[in-house]
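Step one of this worksheet: look at the structure below.
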Amino acid sequence: MAGVSLKSVCKVFDKDVVAVDDADIEVEDEEFVVLVGPSGCGKSTTLRMIAGLEEITSGDIYIDGILVNDVPPKDRDIAMVFQNYALYPHMSIYQNMAFGLKLRKYPKEEIDQRVREAAEILGIQDLLERKPKALSGGQRQRVAVGRAIVRKPKVFLFDEPLSNLDAKLRVQMRAEISKLHTSLAATMIYVTHDQTEAMTMGDRIVVMKDGKIQQIDQPLNLYANPVNQFVAGFIGSPAMNFIQGRIASDGGGFTFDEGGFKIPLPEAYGDDLRGFAEGVVFGIRPEDIHDSHSVRTGRQTAEISAKVEVVEPMGSDVLLHLTAGKSLFVARVDPQYMPQVGQQVELGVDVVKAHFFDPDDGSSLLHAN
């Protein structure tokens with residue numbers, strides 16, 4: 001396997017549309033890196049440039065230490081798994097998986113061995129004589145992955161491979177691809193718009209927006225220490241709550257003042273937040289707002305009163321859509337706690353988990369790296 005390096009890579013389409021802007025990414029050997037972001041952020045274009053399917057406008061791409069800017073796709077020693085599977089409908093599954101090896105004139109015995117090994121790994125050994133139309137979506141996806149495995153490439157590229165599957169099958173295939181990464185000790189670059197896929201699969205995640213890389217980090221650090229408001233809102237489900245307000249000093253410490261309610265802040269936040277009396281964005285995740293019966297002992301919490309607007313039972317927990325002051329926000333609470341719509345409830349905010357963002361540029365005021 002091999003590492004992949006992007007240095008100041010840009011892609012500009014006609015009419016000065018900047019799809020990827022000055023991307024710097026280092027993918028280590030055997031690492032699983034996920035590119036994630038909303039539609040149109042440039043993640044698939046980045047993957048296609050690595051594959052050689054899209055010309056770069058400027059910058060350099062290295063695979064296994066070799067500059068590949070002018071190397072055609074077939075000579076880059078990569079294998080790509082597409083969203084639509086791209087299987088040949090008139091060929092059997094065996095023929096589909098063997099096709100790339102036949103083009104490269106591998107011996108028939110080696111082709112057979114590689115195809116059957118890959119089919120065994122993916123559990124599709126009984127499907128080799130069928131045609132793609134006779135398979136389910138999940139089975140077709142396994143075939144598409146198997147076609148990549150038989151190549152034994154330096155780098156695997158996945159372009160939203162699970163987006164056509166139902167929710168249950170997506171969860172299953174996520175686990176299978178992660179296991180495959182471990183068993184093959186492979187370098188994998190994976191594109192998705194689904195932050196849950198990114199969080200559960202990636203060794204590191206590249207978050208993109210409008211062609212620019214926002215943050216590259218390990219999943220848990222992205223969640224705990226987002227560098228800006230976009231990353232904070234994109235990573236995590238339900239999304240982080242953002243509340244507009246200002247920082248006020250009451251002589252004995254600092255508070256966040258929404259206008260309709262106040263939240264006392266830890267003393268340690270004072271130096272970072274001093275000077276934001278004119279405006280600040282307070283961020284708190286739904287899971288860090290607790291009903292009064294389950295406020296964690298030993299943690300610094302602030303009480304807040306809010307009105308219940310919507311109740312969403314999720315089984316393992318309950319999502320409450322609430323209003324307090326002028327703000328709407330969501331809390332994830334214990335399923336034993338089921339208030340009624342319109343009820344006024346007392347909640348505990350885990351203020352040591354709070355985030356604060358500059359209202360002008362969205363940068364984090366506490367956790368910027």
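Below, all heavy atoms of this structure are taken into account, side chains as well, without hydrogens, waters or symmetry copies.
The shortest non-hydrogen separation linking Val341 to Val310 is CG2-CA, 4.4 Å. Here the closest heavy-atom approach between residue Phe261 and residue Gly325 is recorded as CD2-N, 4.0 Å. Listed here is the closest heavy atom pair of Gly146 and Ala118: O-CB, 4.0 Å. In this structure, Val311 and Pro339 approach most closely via the heavy-atom pair CG2-O, 3.5 Å. What you find for Glu30 and Asp203 is that their closest heavy atoms are O-OD2, 4.3 Å. For the residue pair His193 and Ser163, the shortest heavy atom distance occurs at CE1-CB, 4.5 Å.
Distance OG1/Thr182 to CG/Leu180: 9.0 Å, rounded to 0.5 Å. Annotation: the span from Ile213 atom CD1 to Cys41 atom SG amounts to 10.0 Å, rounded to 0.5 Å. Interatomic distance, CZ of Arg204 versus CD of Glu28, reported as 6.5 Å (0.5 Å rounding). Note that CD of Gln125 and CD1 of Ile93 are 13.0 Å apart. Values are rounded to the nearest 0.5 Å. Distance CG/Leu273 to OG/Ser249: 11.5 Å, rounded to 0.5 Å. A distance of 8.5 Å separates CG of Leu47 from CG of Leu53, quoted to the nearest 0.5 Å.
Side-chain atoms of Thr187 and Glu31 form no donor-acceptor pair, as typed in the model, at a separation below 3.5 Å. There is no side-chain donor-acceptor pair under 3.5 Å between Thr45 and Glu54. Between the side chains of Ser363 and Asp361, at least one donor-acceptor pair of N or O atoms lies under 3.5 Å. Checking Asn69 against Asp60 by side-chain atom types alone, a donor-acceptor pair falls below 3.5 Å. Side-chain N/O atoms of Asp159 and Tyr190 include no donor and acceptor closer than 3.5 Å.
Phe329 is not connected to Leu319 by any chain of hydrophobic side-chain contacts under 4.5 Å among Ile, Leu, Val, Met, Phe, Trp and Tyr, and they are in different clusters. Under the 4.5 Å side-chain heavy-atom criterion for Ile, Leu, Val, Met, Phe, Trp and Tyr, Phe99 and Leu127 are members of distinct hydrophobic clusters. Under the 4.5 Å side-chain heavy-atom criterion for grouping Ile, Leu, Val, Met, Phe, Trp and Tyr, Tyr62 is not connected to Val33 through any hydrophobic cluster. Under the 4.5 Å side-chain heavy-atom criterion for grouping Ile, Leu, Val, Met, Phe, Trp and Tyr, Ile304 is not connected to Met240 through any hydrophobic cluster. Note on Leu322 and Met338: same hydrophobic cluster, where clusters join Ile, Leu, Val, Met, Phe, Trp and Tyr whose side-chain heavy atoms are under 4.5 Å apart, directly or indirectly.
With hydrogens and angles ignored, the 3.5 Å screen pairs no side-chain donor or acceptor of Arg285 with any backbone N or O of Ala239. Proximity of a side-chain donor or acceptor of Asn96 to a complementary backbone N or O of Tyr88 within less than 3.5 Å is detected. In this structure, Lys43 contributes its side chain and Met208 its backbone to no donor-acceptor pair below 3.5 Å. Judged purely by atom type and a 3.5 angstrom limit, Asp64 has no side-chain atom pairing as donor or acceptor with the backbone of Ile66. Listed for the Gln139 side chain is a donor-acceptor partner under 3.5 Å among the backbone atoms of Ser136. Using modelled atom types, one side-chain atom of Asn241 and one backbone atom of Val330 make a donor-acceptor pair closer than 3.5 Å. Looking at Thr192, its side chain does come within 3.5 Å of a backbone N or O of Asp194 through a donor-acceptor pair. Panel note: side chain Arg147, backbone Ala86; a donor-acceptor pair is recorded below 3.5 Å. A donor-acceptor distance shorter than 3.5 angstrom exists from the side chain of Arg114 to the backbone of Val150, with no hydrogens or angles considered. In this structure, the side chain of Arg151 does not engage the main chain of Ala79 through any donor-acceptor pair within 3.5 Å.
Gln141 has its side chain out of reach of Asn164: every pair of non-hydrogen atoms, C-beta onward, lies at least 4.5 Å apart. Using a 4.5 Å heavy-atom threshold, the side chains of Leu135 and Arg130 count as touching. Put simply, the side chain of Ile284 reaches to within 4.5 Å of the side chain of Val349, judged on heavy atoms. Counting only heavy atoms from C-beta outward, the side chains of Leu165 and Met173 approach each other to under 4.5 Å. Contact annotation: the side chain of Asp77 never approaches that of Val155 to less than 4.5 Å [non-hydrogen atoms, C-beta and beyond]. Under the 4.5 Å side-chain criterion, counting only non-hydrogen atoms from C-beta, Val4 is in contact with Ile50. Contact of the Glu55 side chain with the Met49 side chain is not registered, since no non-hydrogen atoms from C-beta on lie closer than 4.5 Å. Using a 4.5 Å cut-off on side-chain heavy atoms (C-beta onward), Ser305 and Gln344 make contact.
Within 6.0 Å of the CD atom in Gln172, the count of heavy atoms belonging to other residues, nucleotides or ligands exceeds 12. Annotation for Glu309: atom CD counts as buried by contact number, over 12 foreign heavy atoms lying within 6.0 Å.
The hydrophobic cluster containing Phe13, built from Ile/Leu/Val/Met/Phe/Trp/Tyr side-chain heavy atoms closer than 4.5 Å, also comprises Val17.
Ionic pairing of Lys326 and Glu258 is not present here: no N-O contact between side-chain nitrogen and carboxylate oxygen is shorter than 4.0 angstrom. Using a cutoff of 4.0 Å between basic side-chain nitrogens and carboxylate oxygens, Glu287 and Lys353 are not scored as salt-bridged.
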Begin from the C-alpha positions of Gln244 and Val281 and carry the test side chain to side chain contact (heavy atoms under 4.5 Å, CB included) through to its verdict. CA-CA 5 Å; Gln244 301 283 338; Val281 178; 3.6 Å; yes
Report the C-alpha distance between Glu26 and Lys7 in whole Å, list the side-chain angles of each, state the deciding distance to 0.1 Å, and finish with yes or no for salt bridge (charged side-chain N to carboxylate O under 4.0 Å, His left out). CA-CA 8 Å; Glu26 296 289 336; Lys7 299 185 181 299; 3.1 Å; yes
Show your working on side chain to side chain contact (heavy atoms under 4.5 Å, CB included) between Arg332 and Glu312 and close with a plain yes or no. CA-CA 9 Å; Arg332 188 199 296 269; Glu312 290 186 306; over 6 Å; no
Can you check salt bridge (charged side-chain N to carboxylate O under 4.0 Å, His left out) on Arg170 and Asp166, steps first, answer last? CA-CA 6 Å; Arg170 277 204 306 273; Asp166 63 56; over 6 Å; no
Worked verdict on Val9 versus Thr46 for side chain to side chain contact (heavy atoms under 4.5 Å, CB included): CA-CA 9 Å; Val9 171; Thr46 301; over 6 Å; no
Would you please test Glu109 and Gln113 for side chain to side chain contact (heavy atoms under 4.5 Å, CB included) and show each step? CA-CA 6 Å; Glu109 295 77 15; Gln113 179 186 355; over 6 Å; no
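For an aromatic pair to be called close, the ring centres must be under 6.0 Å apart, and Phe242 with Phe357 satisfies this.
Phe282 and Phe256 have parallel rings, their planes meeting at less than 30° on a 0 to 90° scale where 60° marks the start of perpendicular.
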